[in-house]
Amino acid sequence: MRRRPPPGRLLRPAAGLLLAGLAGLAGGVLTAPAASAAPPAAGSQDGSLIMVLDSSGSMAGPDGSGHTRIESARTAIGSVVDGLPDGYPTGLRVYGAGKTHGCDDTSLAQPVTALDRAAMKQAVAAVQPKGDTPTALALTKAAADLPASGRRTILLVSDGESNCGAPKPCEVAAGLAGDGLNLRIDTVGFQVKGAARDELECIARAGHGAYYDAPDAAALARQLVRASQLSADAYRMAGEPVTGGATPAKAAPIGPGQYTDTIGPGETRWYAVPLDAASTADLSATAVPQPGVRVDYGDGIELKLAGTGSYAYTCGSDSAHFGQDEGAMTLTGAVSRVPTRDAKDDCDKAGRYLLSVHRTNAATSDTSRWPVELRFDNEAPLPKGTVPAAARTDYGKAPAPLAGTPKDVAGGTGFNDATALTKGVWRDRLLPGQTRYYKVHVGWGQQLTYAAEFANEPVLDGASSSASTFVATTAYAPGRLPVGDASDARDNRSYSGTPVSVGLGTVPATWTNRWVDEDDANSVHSAGDYWIAVGLGPDAAQLARNTAVGVILRLDVTGTELAGPQYQAPALAAHGNVQGDTPGDVHSDGKDTAGKAPDAAASASSDGGLRGMDLVAAGTGGAVALAAIGAAALVHRLRSRTTRGGA
């Protein structure tokens, strides 16, 4: 099985071959209690959901569980409404329940309003299957039932093929979903096969949605809950709307702040950014495709920051590709303009620069437009006369594994609502195709270390012994700069229900890390909120018996927090949560815990950069241990780097 990258990062073929040899460094994990569903989240009120229930005559037949199909559907829809967030706009439309024959038989059983659980259950309890299967008409009406704006989802549940002729449901779905920006159509096939399954898969594909197979009553409830909660718990976008230019000449001007845009297959969006001659500029793009839709390994986004003029120098570049073909998940890439210390680089000049965001898309992939969230941060230079501490690119001694009873937590949908965590042991649950976000404060001189341990998950009866999906993680520094390169041997793993762990560790946050050569260290040049993203592959929907999969997050922040990035900065005791010393911590006397002063000159490279130890994370007993591995240096050289001076 091909290795997958962590959420939002690129896996280059050459590095992937080398890293495959490091895959044996997996450690044991703690088995977490299996979860039946993800915890209800606050819900994004700009979204809405309508379930469309096939109530044709075939739904009156037995489903093999001692109940009829409609009885099992009622129970499943009850599970859906119990799990949805309070107030989430939800409705129900049925077809085939009004009369014995008729291709005009569809009705709105419950309008799309703030969730009324009792009313929804009463509405589905009253449904009596008896008629035909006008699927296309029901889809058309359902789209009209939804609000005119916001993220809208149609969730179709059917046990058979449409028998009402033209128009074909698949063609109707394509017309309704359009560019897929605001409407998606998911389908659940209840004990279907052959032409019926083909039709439902086609509807989902044309509707920029996902198909879920439900061979029995338990699977029906499980898949309906998964699909509905992914709709309600989608990435919360935030920012000022902007439309990127189609050419460099038409680049949309943006200043420091946050923005939202969209991008289509093969499209490039251009933005004009003003930069001064002294500040570090961090620019990121987060692409938010419909979760689980068809993608290819090379699909993703590519960022470049360049100067203007007759010869445009490239000041920074980054790529974020899926690296897997199971289904779409959130992607984030970022570039930085870091002024050099001698201020003589072509990218050091004040002026107008261009940020481009390009989307790659295979011909067989979903063609829906992706919402994009842009972030532009300026890091002001240090006050004049401030001497920054020497760069810290070492990892030091691995912290002891954190123990204790996990505390339940629900991660956020993205950067904007990431759940704030502190040092400790936490437990969450992930749906197939879901990425959860957490944030943690990392101060000057401190470093972040964590492991995400996935549970011993019961697999479905009859699942192939080779069936698997993936689990993955990425960490982001302030400016949304990915720092996942620090632990390539462990930031993604194949997952088949057997306990497995992913995680990483950062170097200490130090101002001068911005000038070092290691990609995994130069992003760690600011104190502040760091983000952790943990994802579960979409194919878990065909593997896991429980609706959601449990994950234990062991999070540690080590090192004494310093009052600032300056040399000989004192400890910052005001926070009241200063961590203990670890080897390499810099004290206020300028010496580390071994009594030695930091020696930046000793680690200076011939090109003026600084080099630290090349390390990757290796797991031991469920913890993330930081150990030196000689191959890591080669991994770093194979990876994409920020370049300067090129066109």
Side-chain angles (χ1 to χ4, degrees), residues 37-55 70 73-98 104-129 134-158 172-173 176-178 180-188 207-209 220-221 223-238 290-291 371 410 413 417 431 547:
S44 175
Q45 298 309 308
D46 67 347
S48 57
L49 168 71
I50 186 164
M51 288 179 280
V52 179
L53 177 60
D54 180 350
S55 304
I70 193 64
R74 291 179 187 134
T75 300
I77 290 177
S79 298
V80 168
V81 299
D82 286 341
L84 285 172
D86 292 341
Y88 190 72
T90 307
L92 175 68
R93 173 170 285 276
V94 300
Y95 61 93
D104 60 349
D105 183 10
T106 180
S107 61
L108 183 62
Q110 175 67 18
V112 181
T113 58
L115 179 62
D116 185 333
R117 293 184 173 89
M120 284 288 294
K121 291 177 182 179
Q122 290 171 5
V124 74
V127 175
Q128 298 297 329
T135 308
L137 177 63
L139 290 173
T140 302
K141 294 289 188 180
D145 296 332
L146 290 165
S149 61
R151 292 180 301 98
R152 305 177 299 157
T153 301
I154 296 174
L155 179 52
L156 171 65
V157 187
S158 178
V172 168
L176 293 173
L181 190 60
N182 293 318
L183 176 66
R184 69 174 279 155
I185 304 173
D186 292 327
T187 60
V188 178
H208 307 298
L220 178 64
Q223 304 291 43
L224 275 175
V225 170
R226 286 170 172 166
S228 62
Q229 290 189 359
L230 278 177
S231 169
D233 214 20
Y235 189 102
R236 270 68 155 173
M237 301 286 291
Q290 297 283 12
T413 67
D417 64 348
L431 299 164
T547 303

Fill in the blank from the handout: On a heavy-atom basis, the closest approach of T413 and Y235 is O-CD1, 3.3 Å
Fill in the blank from the handout: Sorted by chain and number, sequence neighbours left out, side-chain hydrogen bond (donor to acceptor under 3.5 Å, both in side chains) with S158 holds for D54
Problem - Short side-chain to backbone donor-acceptor contact, S231 and A227, under 3.5 Å - result: no
Handout entry: Within-4.5 Å side-chain heavy-atom neighbours: L84 and L49
Key = yes
Handout entry: L115 side, atom CG; S48 side, atom OG - distance, nearest 0.5 Å
Key = 12.5 Å
Practice task
Specify the closest pair of heavy atoms between T90 and M51, including all atoms of both residues, with the distance to one decimal.
Solution key: CG2-CE, 4.2 Å
Practice task
Give a yes or no answer on whether the side chain of H208 reaches the backbone of G178 with a donor-acceptor pair at less than 3.5 Å.
Solution key: yes
Practice task
Give a yes or no answer on whether the side chain of R226 reaches the backbone of L431 with a donor-acceptor pair at less than 3.5 Å.
Solution key: no
Exercise for the section: Go through the structure and list residues passing side-chain contact (heavy atoms from CB on, under 4.5 Å) with A238, not counting sequence neighbours. Expected result: Q258, E373, N416
Exercise for the section: Any chance you could measure I70, atom CD1, to S55, atom OG, to the nearest 0.5 Å? Expected result: 4.5 Å
Problem - By side-chain contact (heavy atoms from CB on, under 4.5 Å) - contacts of T113 (at least two apart) - result: Q110, P111
Practice task
Inspect the contact between D86 and R117 and indicate whether a charged nitrogen and a carboxylate oxygen are less than 4.0 angstrom apart.
Solution key: yes
Problem - Closest non-hydrogen atom pair between A234 and R151, with its separation - result: CB-NH1, 3.4 Å
Problem - T140 vs T106 side-chain heavy atoms within contact, under 4.5 Å - result: no
Handout entry: Heavy-atom closest pair, residues L156 and Y95
Key = CD1-OH, 3.8 Å
Exercise for the section: Heavy atoms only: give me the nearest D104-L137 pair and the separation to one decimal. Expected result: CA-CD2, 3.6 Å
Problem - For D417, all residues meeting salt bridge (Lys or Arg N to Asp or Glu O under 4.0 Å), sequence neighbours excluded - result: R236
Exercise for the section: To the nearest 0.5 Å, tell me how far M120 CE sits from L92 CG. Expected result: 5.0 Å
Problem - Which atom of D105 lies closest to which atom of G98, heavy atoms considered - result: OD2-N, 2.9 Å
Problem - Spacing of R74 atom CZ and L53 atom CG [to the nearest 0.5 Å] - result: 9.0 Å
Fill in the blank from the handout: Contacts of K121 meeting salt bridge (Lys or Arg N to Asp or Glu O under 4.0 Å) (sequence neighbours excluded), chain-then-number -> D82
Exercise for the section: Please name all residues satisfying side-chain contact (heavy atoms from CB on, under 4.5 Å) with A76, sequence neighbours left out, ordered by chain then number. Expected result: L220, A221, L224
Completion exercise
Interatomic distance, CZ@R152 vs CG@N182, rounded to 0.5 Å, equals 6.5 Å
Handout entry: Distance (rounded to the nearest 0.5 Å) between T187 OG1 and L155 CG
Key = 8.5 Å
Exercise for the section: Report the residues that fulfil salt bridge (Lys or Arg N to Asp or Glu O under 4.0 Å) with R184, sequence neighbours left out, ordered by chain and then residue number. Expected result: D186
Fill in the blank from the handout: Contacts of R93 meeting salt bridge (Lys or Arg N to Asp or Glu O under 4.0 Å) (sequence neighbours excluded), chain-then-number -> D145
